[in-house]
Every structure is written in C-alpha cells, then in structure tokens.
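By convention in this document, chain letters (A, B, ...) are assigned in the order of the sequence lines, proteins followed by strands, and residues within each chain are numbered from 1. This is a predicted model, so every value here is computed, not measured.
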Amino acid sequence: MVALTVEAVEQPRGLRLTGELDLARVNEVDAALKPLVAEGGEITMDVEELRFIDSSAIQLLIRALQGLEGRGRIVLRRPGTGVKRLIDVMGLDRIENLEIRE
Amino acid sequence: MVALTVEAVEQPRGLRLTGELDLARVNEVDAALKPLVAEGGEITMDVEELRFIDSSAIQLLIRALQGLEGRGRIVLRRPGTGVKRLIDVMGLDRIENLEIRE
Amino acid sequence: MRSFPAEAESLADIREYVRGLAQIARLPERTTEDLVLAVSEACANAVVHSGSSSMQIAWRPGPDRVEIEVRDQGLFRNRVRLPTVDGPGGFGIPLMAALTEEVVIEEGTRRRPGTTVRLTKRTERP
Amino acid sequence: MRSFPAEAESLADIREYVRGLAQIARLPERTTEDLVLAVSEACANAVVHSGSSSMQIAWRPGPDRVEIEVRDQGLFRNRVRLPTVDGPGGFGIPLMAALTEEVVIEEGTRRRPGTTVRLTKRTERP
Ligand SMILES: Nc1ncnc2c1ncn2[C@@H]1O[C@H](COP(=O)(O)OP(=O)(O)O)[C@@H](O)[C@H]1O
Ligand SMILES: Nc1ncnc2c1ncn2[C@@H]1O[C@H](COP(=O)(O)OP(=O)(O)O)[C@@H](O)[C@H]1O
C-alpha cells in the first residue's frame, strides 16, 4: 500500500498531500477535493512532501480544473522534483487556472 | 491535389462532400462549416460520395460538435465504407450530438 | 522506396501509390483501405510535426503480412496532449495501432535525426 | 523476472523493486525516477486495461542502457479516446515515450493473448 496522507488545510484553503499518490489512492484525493471544487474559489494543494505522482493523479487534477472553470483555480504549492518533472513533461503550466507556485 | 468538392445544400441545410478529404483540404470544409456552426441547429453532411477521410477531418468534426454543444447537432448522411470504418474504429457513435444516418 | 515532398498535397499521391502496390500484392479491399489510412496518417504526421522537407515510403511484402515504413528526417516531438489546452486530436497514432497489427516508432536522436514509423499488417486470416 | 498481482496496490511495491534494481545498477537519481514513473504507468495500464490477474517485470541492464519489460496475459485494447466523451486521459503511453528512449508495445493475438511493453532507457549521456 502506498504511504499517502491527505490532510485538509484551512489557511490557505485546500489539501496537504504527503507520500506517494498513484492509482491505488487517487480516489481518496478525489473525495477530499470534490467538496472544495463544488464550492469553487482558490484551492491550494500543498505538495511539498509528495514524493511521487502518476498520470492518474494528473487526470484527477485536470478533471477538477475543468469542474472549476470560470469559478476557481488550483495552486500547486512547492512541487518537489518528482511532481515538477511530471509538470514539465506534460506542460501543465499551459493550463490557465492552474498555478505552479514554487 | 485531392479531388474534393464541397457544396452547400439548402434542404436539408448542410454540406455535400465528394471525393477524398484529408489534411490538404480540411481548411476548405472548415470554412464552409463555420457559418453553419455559428447559426446552430441541425447540420446535415451528405458524405455518400466521400470515398476517404483521415483523422484531421474527424478533428474538424469534433471541434464543430463542441462548438454546437447545446445549440445544435450534425447528421452524417449515408457514410460509405471508408467513412464508416473510421466511425467504427473511433467509436464516433458515442458522441451525443452526432447522428450517423444510414 | 519512394520519396515524396513532406507536404499535405502529397497525401493523395501517396494513397494512390499504396493502393497500386496493394493491388499488385492482391490484397483484399478492406485490408488495403486500412493500410492506406494508416500510411496516410503516418505521412500527415511527417508533414505536420517533423519539419522534414521530404518523406520516404518503403513497402515490404511478406508471405502473410506486409510491412510498410514511413521515414522522415525530422525529430520526433514527444508531447502529452492536454484536451482542454490543445483541443481535440492525438488520433493519428492510436488509429494506426487500431488499423494494423503492429506500430513501431523509432525516434532518431539529436545527432541522428529522423523518425521511422513501421506498420505491419497481416494480409491473411490469422 | 518478477511477478506481481495486477492490482493497484502492487504499484508501490513495483516502484520500490525498480528503485532497488536501479540502485544496484548505480543509475543516477533522475534516470531512476523517470524509469520508475514509466514502469509505474505501464503497470497501471496492465491493472486497469488488461483483465490479467498478474503482471511480470523483467529488468535487463546493458552497458549504456537498461531495458525493462512489463508483461500481462490480457488483450491489448485498441481504442481512440474522444476527449468530449471519455474525459481527460490517454496520458500513460505518451508519458512513457517522453520519459524513455523507446517504447515498444507488442500486442498479443486472440489466440495468444498477452501485452508486452518494452521500455528502453539510456543510462549514459548520448
Ligand atoms: N513524424 C513525426 N515527427 C515528429 N513528431 C511526431 C511525428 N509523428 C508523431 N509525432 C508526435 O506525436 C504526437 C501524436 O501524434 P498523433 O497521435 O498522430 O496525433 P496528432 O498529430 O493529432 O497530435 C504528435 O502531436 C507529435 O508530437
Ligand atoms: N496493458 C494493456 N492492456 C490492454 N490495453 C492497454 C494496455 N495498456 C494500454 N492499453 C490501451 O491503450 C490505451 C491508452 O493507454 P494510456 O496512454 O496509458 O492512457 P489511458 O490509460 O488513460 O487510456 C488504453 O486506454 C487502453 O485501451
């Protein structure tokens, strides 16, 4: 089982993810993200301690961003090497309502 | 040069395509389709005499269908073997506002 | 091996060329049209993405399959399409895969550029 | 060659396994992580799409490259994704291609099922 922790953060409103996020755990993040996406506004995902993500996590992220279109945005805060690599390879900085914040 | 003819049809409103449609000629169909998509409603594409289409034509079709969402639909009328093959391989019958009419 | 200008206007000529070869090899109509579409897609990619000025087509018939190679002198452009940003597309390679038995894409290197797309199509019932 | 259950819960174990092999081969961190992600994607595909109950991983180090093979006993499912219908996705194979030097997918046949994804990664500067 992947060691993943999903924590709700109040200030700034969002989630803190720790560990490795893959297909096995993506539903948990989906469940935690859904109410935030429903509310709209800015959602901050603190991914500083997220060592690994795969494309199923990116799929989830893009679905959330589509759900937020015109109503909100997501900030990816302090991506580490692993997350940054995926951001670069996929060109995620091309997405309007996604901010990569170092 | 591909032999392609693009004709405007009044009844039912739409286009008749004859010949082969590929990357080299897709812009012409795009130009002819644009005003129809802007108006909305049902657009009939008579493709009975269209012997060949490639994926750039499908790209154009999907873009048009996105543009029509909630405001209109496209009917592909009497697709021949070539067009039907591409419809099947891509599963285009899964698209809500596209009707394949034999 | 035949060379064509890497321009959209070549695609119709290439399809005629492949149809001719398929006729000589007595391939069934359906097999021929699948192959013609797959080759047309590979060539359209060379036109749009390679930056090469020409593209080459090699046809290698075997007893129960035909191998057809599309080569250009450009660099393969690896990219992941984002539907919301890039719009609909990315249909070419999945289509080739669905229309043939095997698609092998050999990307060149920065030192030795050139993309080779090798399509294998079975010509008899398996 | 090592076999894992074709379940999402295996993916973390597989990544640990590949990281261990890469360490023995003294691959640089960056090369290792690219390979780990590519293998994880190939295995996630076997989990989601193959219907196979297990998947096998073979690691073949060479002087300047490593070849890693992910095999399952299912049937490759050729399909073309439609963004408006299928939602975002189709990132796995393009990602593998971007992270490695070569991706070869050998689809089985109805008679002899089994998909093999062969990833080649250069381990030295070209
Ligand atoms: N001959 C080529 N030269 C360079 N890049 C290529 C070539 N063929 C394919 N590609 C790359 O592969 C991607 C996917 O190709 P394809 O599936 O045909 O979809 P599309 O052409 O719509 O993007 C292209 O966007 C391009 O980046
Ligand atoms: N091991 C496999 N077994 C069966 N089908 C596969 C396998 N790997 C990939 N595929 C097919 O290839 C398609 C593309 O895979 P991929 O690029 O990883 O994107 P996604 O998994 O998001 O669809 C899949 O949707 C599936 O149809």
Side-chain angles (χ1 to χ4, degrees), chain C residues 34-35 37-38 40-42 44-45 48-50 64-65 67 69 71 74-126, chain D residues 34-35 37-38 40-42 44-45 48-50 64-65 67 69 71 74-126:
Chain C
D34 280 359
L35 207 45
L37 176 53
S40 196
E41 292 292 333
N45 276 348
V48 175
H49 303 294
S50 79
D64 63 345
R65 58 195 58 223
E67 202 183 276
E69 217 174 79
R71 233 177 313 150
L75 257 184
F76 192 85
R77 186 171 155 239
N78 273 305
R79 67 153 171 166
V80 185
R81 292 186 74 100
L82 300 174
T84 37
V85 177
D86 300 312
F91 303 136
I93 296 172
L95 253 183
M96 292 177 226
L99 294 166
T100 65
E101 264 66 50
E102 198 183 73
V103 181
V104 176
I105 300 181
E106 280 175 22
E107 309 175 17
T109 59
R110 214 160 282 276
R111 281 197 200 167
R112 297 194 51 203
T115 298
T116 301
V117 178
R118 196 164 27 250
L119 305 166
T120 306
K121 179 84 182 159
R122 210 179 3 239
T123 51
E124 281 181 11
R125 300 258 118 247
Chain D
D34 280 359
L35 207 44
L37 176 53
S40 196
E41 292 292 335
N45 275 348
V48 175
H49 303 294
S50 78
D64 63 345
R65 58 195 58 221
E67 201 184 277
E69 217 174 81
R71 232 177 315 150
L75 256 184
F76 191 86
R77 184 169 156 240
N78 273 304
R79 67 154 172 165
V80 185
R81 290 187 74 100
L82 300 174
T84 37
V85 178
D86 300 313
F91 303 137
I93 296 172
L95 253 182
M96 293 178 224
L99 294 166
T100 64
E101 265 67 48
E102 197 183 73
V103 181
V104 175
I105 300 181
E106 279 175 22
E107 310 173 20
T109 59
R110 214 160 283 274
R111 282 198 199 165
R112 295 196 50 206
T115 298
T116 302
V117 178
R118 193 162 31 248
L119 305 166
T120 307
K121 178 85 182 158
R122 214 182 355 242
T123 51
E124 282 182 7
R125 301 259 117 249

Considering all heavy atoms, the nearest D:Ala97-C:Glu107 contact: O-OE2, 4.2 Å

Atom pair CG/CD of C:Asn78 and D:Glu101 - distance to nearest 0.5 Å: 9.5 Å

Under 4.5 Å from any heavy atom of chain D - which part of C:Arg110: neither

Closest non-hydrogen atom pair, D:Leu95 against C:Val80: N-CG2, 4.2 Å

